[in-house]
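Here the structure is laid out as structure tokens; the discussion comes afterwards.
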Amino acid sequence: MLFVLLCGLIYFVAAPNIDTIVSLAKRRGFVFPSSEVYGGLGSAWDYGPLGVELCNNVKQSWWRWLVYERDDIDGVDSSIILNRLVWKYSGHEATFNDWLIDCRKCKGRFRADKIVDNKCPSCGASDWTEARPFNTMLQTKLGAVADDDPTALAYLRPETAQGIFINFLNVQTTMRRKLPFGIAQVGKSFRNEVTPGNFILRTREFEQMEMEYFVSPSAEHSKLVDYWVEQYLEWFGSLGINRENLYLYEVPKEELAHYSKRTVDIMYRYFPEREKPWEELMGIAWRTDFDLSTHSKNRLDEEGKRINPDSTEDLSYFDEPTKQRFYPHVIEPAAGVNRTVLAALMDAYSERTNDKGETRVILKLSPQLAPIKAAILPLAKNKPEIVGMAKAIKRSLQPVLRAVYDDTGGIGKLYARQDEIGTPFCITVDHQSLEDEAVTVRDRDTWEQERIKVTDLAEHLQKRLKPYPLATPPEPI
Ligand code: ATP
């Protein structure tokens, strides 16, 4: 934990634990427990007015960074429910399992790989049943069919990646892509987690930002994994996530997924108060050519038999320069929207105590993530000219940045409320504004104020809402 003494004011930097964020998130309209009027639904959360903006800002930042600023990545939005055969050939039906164990003493059920020191998290005993597999794909039934009709079985996707692989040729041919290139997708995924929990860190319904980067089989795959790790460290930095709170975990061979030859997880310090503070924020995997080849009709096994007799397509690629046909290899950075939001909130959290001993929460969100960029506050809400001018400023700023008008309290309260939700700028319209056509701009982090002409305001704010650092262009591969 970090304490910083600045001009007689004490900052307490980063949230001490997830619970601090849970309470702020509920108090200020970021995240609410879902279905609360019926007693809730374990580990499901609803995003409120500020939470939905924060999630959208994370997703937009990611999309701009990968799809717009680079020239080698396209986006798609595939269905959540895919043909069941996708999950058969991807290996998910057979292997997308968590290993379950039961505590013989308290009958609690847990994921075997999450048990620390062989002790039951509920009762402390160490008397376990044998581990057994549990498939975590969420099932549903399609159409008006009988309950026991096995042909109606379908799954809610457990990852967005497969929707990209099955569209590989569609994107490659319509966008006339040559290797290397990537396809990005952001959307909901579902997993029937055995032990969901820790707020939005592990839920059964969540959102992923996945990108499949297709490269030649002869590319330097391990170097490309390192390249994407660096790129994402830079992107997380641009979201205000402190490098000190990130840690790279090289997944050992025996823990790799069936499709992966190398995976590096970027872990975040979600539990600063615990001895083991790290949990996965995202993973970067070299998925080899497994996915494209497994969905292809032409791939043969060692005896010359088709591996996939159900596929009607061959997802191979013809490389003009070498006149060779092959299945591209894939480097996949897979990140969670919700875990990114939680990390950004934890790193942005700070408390400031003034010399009267009053403590305030200040959410130092990166301006690109802040749900509201500027709050326009009239100093006197019973003065129609001041109110009119403030509302007009709000309307004039709205096309360039997210602005709100607020007159629901005294100025001190309004400042405190905006600090707590991370609004970078408060703009106060006062009596003098009516004469000099200027307003006071107050900075969230320094509490410094400056007087700015209304005509210069939009440009001034845009300059100070610094753009995020761009990712460096890719090395030739
Ligand atoms: P974990 O080991 O924590 O279960 P994972 O390795 O299974 O995660 P991936 O399959 O690599 O996760 O998924 C990519 C990303 O999707 C994760 O890094 C995480 O950010 C997000 N994610 C996965 N499962 C969940 C979940 N249940 N709730 C919220 N986010 C999730």
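Being a predicted model, the structure only gives us computed values, none of them experimental. Numbering of ligands and ligand atoms starts at 1, following listing order.
Every atom of ligand 1 is numbered from 1 in the order shown, and the set under 4.0 Å from a heavy atom of Thr203 is 26 (C), 27 (N), 28 (N). Of all atoms in ligand 1, numbered sequentially from 1 with element shown, those under 4.0 Å from a heavy atom of Glu280 are 2 (O), 5 (P), 6 (O), 8 (O), 9 (P), 11 (O), 12 (O), 17 (C), 18 (O). Listed by number with element, the atoms of ligand 1 under 4.0 Å from a non-hydrogen atom of Gly336 are 20 (O), 21 (C). Near Met282, with a cut-off below 4.0 Å to any heavy atom, the atoms of ligand 1 are 18 (O). Ligand 1 places these atoms under 4.0 Å from at least one heavy atom of Ala334: 14 (C), 15 (C), 18 (O). Those atoms of ligand 1 with a heavy atom of Arg111 less than 4.0 angstrom away are 4 (O).
Heavy-atom neighbours of Lys59 NZ from other residues, nucleotides or ligands within 6.0 Å: above the threshold of 12.
Defined by atom type and a distance below 3.5 Å, a donor-acceptor pair is present between the side-chain atoms of Asp347 and Tyr268. No hydrogens or angles considered: a donor-acceptor pair under 3.5 Å links the side chains of Ser293 and Arg299.
In terms of the side-chain contact (heavy atoms from CB on, under 4.5 Å) criterion, residue partners of Leu169 (sequence neighbours excluded) are, by chain and number, Gln172, Glu313, Leu315. Residues meeting the side-chain contact (heavy atoms from CB on, under 4.5 Å) test with Asn118, sequence neighbours left out: Ser126, Trp128.
With a heavy-atom cut-off of 4.0 Å, Asp265 does not touch ligand 1 at all. Heavy atoms of Asn338 found under 4.0 angstrom from ligand 1: none, in either backbone or side chain.
Using a 4.0 Å cutoff on heavy atoms, Leu281 counts as a contact of ligand 1. At a 4.0 Å cut-off, at least one heavy atom of Leu201 sits close enough to ligand 1 to count as contact.
The nearest non-hydrogen atom to atom 9 (P) of ligand 1, considering only Glu159, Glu207, Arg191, comes from Arg191.
Counting only heavy atoms of the protein, atom 14 (C) of ligand 1 lies nearest to Gln208 NE2, 3.5 Å. Among all non-hydrogen protein atoms, the one lying nearest atom 3 (O) of ligand 1 is Arg202 NH2, 2.8 Å. Atom 22 (N) of ligand 1 has its closest protein heavy atom at Phe206 CE1, 3.5 Å.
Annotation: Phe168 is not in aromatic contact with His295 [ring centroid separation under 6.0 Å not met]. Aromatic pair Trp278/Tyr249: centroids not less than 6.0 angstrom apart. Taking the six-membered ring wherever Trp is involved, the centroid distance between the rings of Phe30 and Tyr47 does not fall below 6.0 Å.
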With salt bridge (charged side-chain N to carboxylate O under 4.0 Å, His left out) as the test, would you mind laying out the steps for Glu420 and Arg444 before giving the verdict? CA-CA 9 Å; Glu420 207 175 6; Arg444 174 196 70 198; over 6 Å; no
